[in-house]
There are 2 protein chains.
Amino acid sequence: MTPAERNALLTKFISERGLKSTRQRTLIVDTFFESDGHFSVEELWAKVRAQDAKVSVATVYRTMKLLTEAGLAHAQNFGEGQARYEPAVGRDHHDHLICTRCGTIVEFEDERIEQLQSAVARKHGFTVTSHKLELYGLCRECQRSEPRR
Amino acid sequence: MTPAERNALLTKFISERGLKSTRQRTLIVDTFFESDGHFSVEELWAKVRAQDAKVSVATVYRTMKLLTEAGLAHAQNFGEGQARYEPAVGRDHHDHLICTRCGTIVEFEDERIEQLQSAVARKHGFTVTSHKLELYGLCRECQRSEPRR
DNA sequence: CTCCTTGCAAAAACTTTGCATTCCC
DNA sequence: GGGAATGCAAAGTTTTTGCAAGGAG
């Protein structure tokens with residue numbers, strides 16, 4: 001999805017709710033979508049402050065909450081004690097492979113797994129609205145540099 | 001696995017490391033394994049304090065960390081901002097179906113999903129050591145009592 | 001006796017909130 | 001001008017840690 005399309009969605013969301021578009025908001029949102037990855041609030045804050053040193057963490061938290069409510073970002077919890085956000089719109093659903101040594105996160109998707117998940121849920125009478133699949137291990141590089149001991 | 005078997009593992013772990021078996025430790029461990037479920041530290045602490053009012057949270061945290069290192073418990077992070085622990089040994093691996101309305105947690109396992117996960121990891125050069133699969137939605141009861149609007 | 005463990009309270013890490021001020025529209 | 005957003009600092013949460021006192025082996 002293009003920045004223009006994303007901005008259209010955001011503008012709509014903001015105007016529908018009587019919210020306002022501010023310098024900080026714009027900066028945070030642009031920074032977040034610029035390089036898509038998986039940001040912690042702290043990392044995002046660092047990037048934002050590089051452009052405007054006076055933006056407070058609170059504003060970053062508030063903006064990410066807003067983006068999440070607008071459906072433009074998803075909060076992921078990889079068990080590090082702090083949430084990570086990732087862009088959410090215009091991207092296919094995907095899951096994560098996480099290297100426990102270097103922290104690399106690889107995204108993947110597998111239609112067959114999704115289907116099996118639906119089947120399992122159905123069997124238990126559940127209606128599934130979302131899911132989270134994370135595989136933890138060592139990436140190729142870390143397997144090399146950290147030989148079995 | 002029987003309490004006896006579990007205790008054997010724990011005793012081994014403790015003696016191997018020069019640790020000690022204390023009243024509090026025993027109480028917390030027994031309470032944790034007694035009714036297997038998914039406890040937050042706070043819930044576990046409440047149960048423990050019902051038997052010994054003077055046990056501190058810190059001890060519960062320290063004991064659960066110990067159990068985790070010993071491989072007898074696993075920390076799960078369902079994104080509530082606080083971790084939940086579940087017994088880990090002598091049970092087959094399983095994943096979770098979580099009702100987002102009433103909080104019910106159903107465990108399931110599916111060999112085919114596991115196989116597909118391995119295949120995906122291999123394709124990306126990862127060696128997987130663990131994984132987490134959670135399906136979020138409404139359980140049968142909550143679908144009934146919360147009709148579509 | 002030794003040194004591990006505990007309780008307590010303080011500290012840490014992450015996130016939210018209250019309030020006066022500033023800024024959109 | 002008026003309501004919304006910001007910055008700041010204070011407060012909340014959850015978890016960890018330092019230290020003196022107590023306890024297991």
Apply salt bridge (charged side-chain N to carboxylate O under 4.0 Å, His left out) to the pair Lys12(A) and Glu16(A), showing each step before the final yes or no. CA-CA 6 Å; Lys12(A) 180 163 174 284; Glu16(A) 275 174 358; 3.0 Å; yes
Determine whether Glu86(A) and Arg84(A) satisfy the following criterion, side chain to side chain contact (heavy atoms under 4.5 Å, CB included), listing intermediate values before the conclusion. CA-CA 7 Å; Glu86(A) 62 174 19; Arg84(A) 280 182 183 282; over 6 Å; no
Could you please spell out the steps behind the salt bridge (charged side-chain N to carboxylate O under 4.0 Å, His left out) verdict for Lys47(B) and Asp30(B)? CA-CA 11 Å; Lys47(B) 287 201 162 208; Asp30(B) 285 348; over 6 Å; no
Check the pair Gln117(A) / His131(A) against side chain to side chain donor-acceptor pair (under 3.5 Å), numbers first and verdict last. CA-CA 9 Å; Gln117(A) 288 176 1; His131(A) 75 258; 3.1 Å; yes
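Rounded to whole angstrom, the span from the CD atom of Glu43(B) across to the P atom of dT14(D) amounts to 11 Å. Rounded to whole angstrom, the span from the CD atom of Glu16(A) across to the P atom of dA4(D) amounts to 16 Å. Across the protein-nucleic acid pair, Arg84(A) atom CZ and dT15(C) atom P stand 11 Å apart, rounded to whole Å. Remark: P of dG7(C) and CZ of Arg25(B) are 11 Å apart, rounded to the nearest angstrom. Going from atom CG of Asp52(A) over to atom P of dT22(C) covers 16 Å, rounded to whole Å. The separation between Leu44(A) atom CG and dC14(C) atom C1' is 15 Å, rounded to whole Å. Nucleotide dA5(D) holds its P atom 12 Å from the CG atom of Leu10(A), rounded to whole Å. Residue Leu27(B) contributes atom CG, which lies 11 Å from atom P of dT6(C) at whole-angstrom precision.
Interatomic distance, CG of Leu133(B) versus CD of Glu114(B), reported as 8.5 Å (0.5 Å rounding). With values rounded to the nearest 0.5 angstrom, Gln24(B) atom CD is found 10.0 Å from Lys54(B) atom NZ.
For the pair Gln143(A) (side chain) and Leu138(A) (backbone), a donor-acceptor distance under 3.5 Å is present.
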Produce the list of close N/O pairs, under 3.5 Å, pairing protein atoms with atoms of nucleotides 23-25 of chain D; give distances to one decimal.
unit_1	atom_1	unit_2	atom_2	d
dG23(D)	N2	Lys20(B)	NZ	3.4
dA24(D)	N3	Lys20(B)	NZ	3.2

Below 3.5 Å is the cut-off: list the nitrogen or oxygen pairs between protein and nucleotides 8-13 of chain C, distance only.
none

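Taking the screw axis at each terminus of the helix from dC1(C)-dG25(D) to dC25(C)-dG1(D) from five consecutive base pairs, the angle between the two is 30° to within rounding of 10 degrees.
Regarding contacts with the backbone of dT15(D), a side-chain N or O of Tyr61(B) is found under 4.0 angstrom from either OP1 or OP2. For dG7(C), one of the phosphate oxygens OP1 or OP2 lies less than 4.0 angstrom from a side-chain nitrogen or oxygen of Gln24(B).
Leu135(A) is not connected to Ile98(A) by any chain of hydrophobic side-chain contacts under 4.5 Å among Ile, Leu, Val, Met, Phe, Trp and Tyr, and they are in different clusters. Note: the hydrophobic cluster containing Leu97(B) does not contain Ile105(B) (ILVMFWY, side chain heavy atoms under 4.5 Å, direct or indirect links).
Taking the six-membered ring where the residue is Trp, Phe108(A) and His124(B) present tilted rings, their angle falling between 30° and 60°.
The only member of Phe13(B), Phe32(B), Phe33(B) that meets side-chain contact (heavy atoms from CB on, under 4.5 Å) when paired with Leu72(B) is Phe33(B).
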